[in-house]
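These values consider heavy atoms only, across backbone and side chains, with no hydrogens, waters or symmetry-generated copies. Just so you know, residue 1 is the first one in the sequence shown, and it goes up from there.
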Amino acid sequence: MKCLKNLRRIDDMVQIVPYLFSLGCARAWMTLTFASPTAVFAPFNVDPHVLFDYVYVIAGVAVALLAHRVAPLQEHASAKALALGAMLASSACIIGASYAPEAAAVLQIIAALVGGCGFCLLLLLHSEALVPLGLVRIALYTAGSRFMAVPMVFFCEGLDDVRFNCALIVLPLVAVACVSYAYGTTPAEDRPSNMQTGFAFPWKPIALLSVFSFAYGLRSSQLAVGAGMHSSLSTALVMGVFFLVVYFFSYRFSISALIRSPLVLMVCGFVLIPLEGVFGPAVSSYLISMANTLMSLLMSLLLYDFSKRLGVAVVVFMGFAKVSTLFSVWGNDCANLLARTPLAPQMQDAVIMAVVVLLVLCCTLILLSEKDITATWGIHVSSPTGKDPAFSRDEFLTRRCDEVSRKGRLSPREDEILRLMAKGKSNLAMENELFIAPGTLKAHIQHIYVKLDIHSRKDLMALFEAPADEKPLQQP
């Protein structure tokens with residue numbers, strides 16, 4: 001039986017392949033071209049990597065603001081063509097810079113401008129392919145993809161110049177092909193819709209991620225070899241561990257239980273900075289990098305969950321989340337300014353520690369203001385101006401589920417199952433989406449029935465037959 005169960009779990013993971021290579025190849029490409037380039041950039045007043053980050057953020061915010069017109073991006077062939085064309089053009093400029101040193105600076109600037117736009121579009125396309133899946137699968141696929149990028153980078157860095165240049169062309173091609181295939185295999189009824197909603201800016205999760213990015217930026221120029229927020233050894237370690245934990249304990253997976261762990265890692269990393277003479281810089285560097293990487297993953301999962309629960313296009317949340325990238329840049333700038341002052345290195349470390357303490361307090365206040373994953377972290381949606389019946393039904397189900405879950409005091413996993421049941425999902429569909437065993441699902445459903453004081457799915461569906469103000473739910 002155990003053997004059959006393991007085979008079934010492996011079977012369930014077959015569909016990870018296109019998601020693995022779409023994000024994995026994209027992140028590997030970005031690392032090889034800008035984050036940790038093999039080629040030495042020509043001297044210029046602007047760092048191409050910084051310019052790449054600014055364009056990346058601007059593109060993300062622009063798509064978020066125009067989401068009511070362009071979402072879902074996957075339904076527009078031009079979006080995929082633009083992402084692929086921009087990344088290939090960026091690769092061509094970087095390759096050309098190595099053969100034309102006199103024009104290298106200009107080519108690298110052009111590469112950063114088009115590359116940042118193309119990379120951002122590809123990540124947003126990837127998020128649209130992921131959002132129809134269950135939260136556990138999103139967690140597994142994202143962690144697996146980020147892990148996959150690390151050996152890809154290691155392999156490509158060992159290639160000779162000709163093969164390396166070929167890799168810069170092949171990686172974007174594979175990434176776009178895989179993200180298109182992944183979205184194409186999603187049933188039409190599960191794909192993201194283009195319903196228009198009003199929403200409040202999701203400042204809490206983005207602020208939390210920005211705080212971590214800024215703290216990481218303060219040390220980014222002094223990290224040990226193998227540490228970093230991109231496709232580095234520290235990324236492989238934290239993503240590998242995260243993948244295994246979620247895979248083997250998917251029935252207990254909860255963002256609420258993990259959301260505070262990056263804070264512990266970040267604090268430990270900065271506390272160990274004064275002890276680098278004893279332990280070396282690797283320990284503190286890895287802890288700081290792993291904390292930032294883990295928080296980035298958890299916040300993205302939180303935003304996926306918001307998109308699924310609130311009916312807001314995922315590119316809205318993911319586009320605004322790109323802003324946190326700039327805080328890493330600004331943190332590095334602040335550290336460089338501090339390094340130019342006449343302060344002794346020990347005093348500089350003390351100043352950075354004081355700043356981090358303040359940031360930790362900010363993080364603590366934000367985290368303590370949200371008790372669990374079922375909270376919306378200050379995000380609210382309003383009805384569209386039109387009278388779209390499909391939206392009205394989805395809006396009603398979302399709000400009704402919020403009320404039922406709150407008054408029934410359901411756990412995060414029970415809340416997720418409730419929402420799937422409200423949509424009429426079968427047990428088999430829920431098992432596949434949530435990546436849990438039949439017995440585990442039945443146990444969760446029974447717990448939901450007990451907490452809501454009902455006895456069958458028919459009773460549960462009756463809760464969604466009338467608006468909440470016409471059919472109030474009794475406190476159990």
Side-chain angles (χ1 to χ4, degrees), residues 16 19-20 22-24 26-28 30-31 35 56 60 119-120 122-124 126-127 129-131 133-150 202 204-217 227-250 252-266 269 286-308 314 317-325 327-328 363 366-367 370 373 377 412 435:
I16 193 177
Y19 300 92
L20 199 68
S22 62
L23 182 58
R27 287 180 64 87
M30 188 270 292
T31 302
Y56 169 78
F119 181 66
C120 181
L122 183 54
L123 293 194
L124 294 176
H126 180 79
S127 67
L130 271 180
V131 74
L133 305 178
L135 199 59
V136 172
R137 286 190 179 275
I138 293 175
L140 287 170
Y141 292 7
T142 304
S145 300
R146 293 190 180 189
F147 179 90
M148 183 73 174
V150 179
K204 286 186 179 180
I206 295 176
L208 186 58
L209 182 56
S210 298
V211 167
F212 271 75
S213 295
F214 186 81
Y216 168 82
M229 62 180 289
H230 299 292
S231 302
S232 61
L233 182 57
S234 63
T235 299
L237 287 174
V238 70
M239 290 298 103
V241 171
F242 185 88
F243 181 93
L244 293 175
V245 169
V246 176
Y247 183 82
F248 289 106
F249 301 96
S250 58
R252 298 180 63 182
F253 175 70
S254 168
I255 298 179
S256 299
L258 297 172
I259 200 69
R260 292 168 178 80
S261 55
L263 187 59
V264 177
L265 292 175
M266 184 66 78
Y286 272 63
L287 288 175
I288 293 171
S289 299
M290 291 167 69
N292 186 56
T293 301
L294 183 57
M295 180 54 76
S296 170
L297 176 59
L298 292 174
M299 284 298 101
S300 68
L301 295 178
L302 196 63
L303 294 176
Y304 277 118
D305 184 68
F306 291 156
S307 174
K308 293 164 70 69
V314 68
F317 294 141
M318 292 303 175
F320 282 129
K322 308 303 181 193
V323 173
S324 64
T325 302
F327 283 83
S328 176
C363 291
I366 294 174
L367 288 173
E370 304 296 339
I373 189 64
W377 289 56
F435 199 64

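By the 4.5 Å heavy-atom criterion applied to side chains, Phe243 and Phe147 are not counted as neighbours.
One finds the CG atom of Leu122 at 11.0 Å from the CE atom of Met30 (value rounded to the nearest 0.5 Å). Atom-to-atom distance recorded for Asn292:CG and Phe327:CZ is 13.0 Å, nearest 0.5 angstrom. Atom CZ in Phe242 sits 12.5 Å away from atom CE in Met290 (nearest 0.5 Å). Taken from CE in Met299 to OG in Ser324, the straight-line distance is 10.5 Å, to the nearest 0.5 Å. Remark: Arg137 CZ to Leu130 CG distance equals 11.5 Å, nearest 0.5 Å. Separation of atoms OH (Tyr19) and CG (Leu140) is listed at 13.0 Å; rounding is to 0.5 Å.
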For Met239 and Val150: C-alpha separation, side-chain torsions, deciding distance, then whether side chain to side chain contact (heavy atoms under 4.5 Å, CB included) applies.
CA-CA 10 Å; Met239 290 298 103; Val150 179; over 6 Å; no
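Between the side chain of Tyr216 and the backbone N or O of Met229 there is at least one donor-acceptor pair closer than 3.5 Å. Judged by distance alone, with hydrogens and angles left aside, the side-chain atoms of Ser145 form no donor-acceptor pair with the main-chain N or O of Gly24 at under 3.5 Å. Thr235 places no side-chain N or O within 3.5 Å of a backbone atom of Ser231 that could act as its donor or acceptor partner. The main-chain N or O of Tyr286 is never found under 3.5 Å from a side-chain atom of Ser289 such that the two would form a donor-acceptor pair.
Residues Leu302 and Pro205 approach most closely at CD2-CB, 4.2 Å, considering heavy atoms. Residues Leu297 and Arg146 approach most closely at N-NH1, 3.8 Å, considering heavy atoms. Contact detail for Ala149 and Arg27: the closest heavy-atom pair is CB-CB, 3.8 Å. The two atoms that bring Cys363 and Leu263 nearest to each other are CB-CD1, 3.9 Å, heavy atoms only. Contact record, Ala291 with Met266: CB-N, 3.5 Å, taken as the closest heavy-atom pair. Annotation for Cys120 and Tyr56: closest pair SG-O, 3.4 Å, computed over non-hydrogen atoms.
For the 3.5 Å distance criterion, the side chains of His230 and Thr31 fail to qualify, holding no donor opposite an acceptor.
Results of the side chain to side chain contact (heavy atoms under 4.5 Å, CB included) test with Leu298 over Thr293, Leu208, Leu303, Leu258 single out Leu258 as the only residue that passes.
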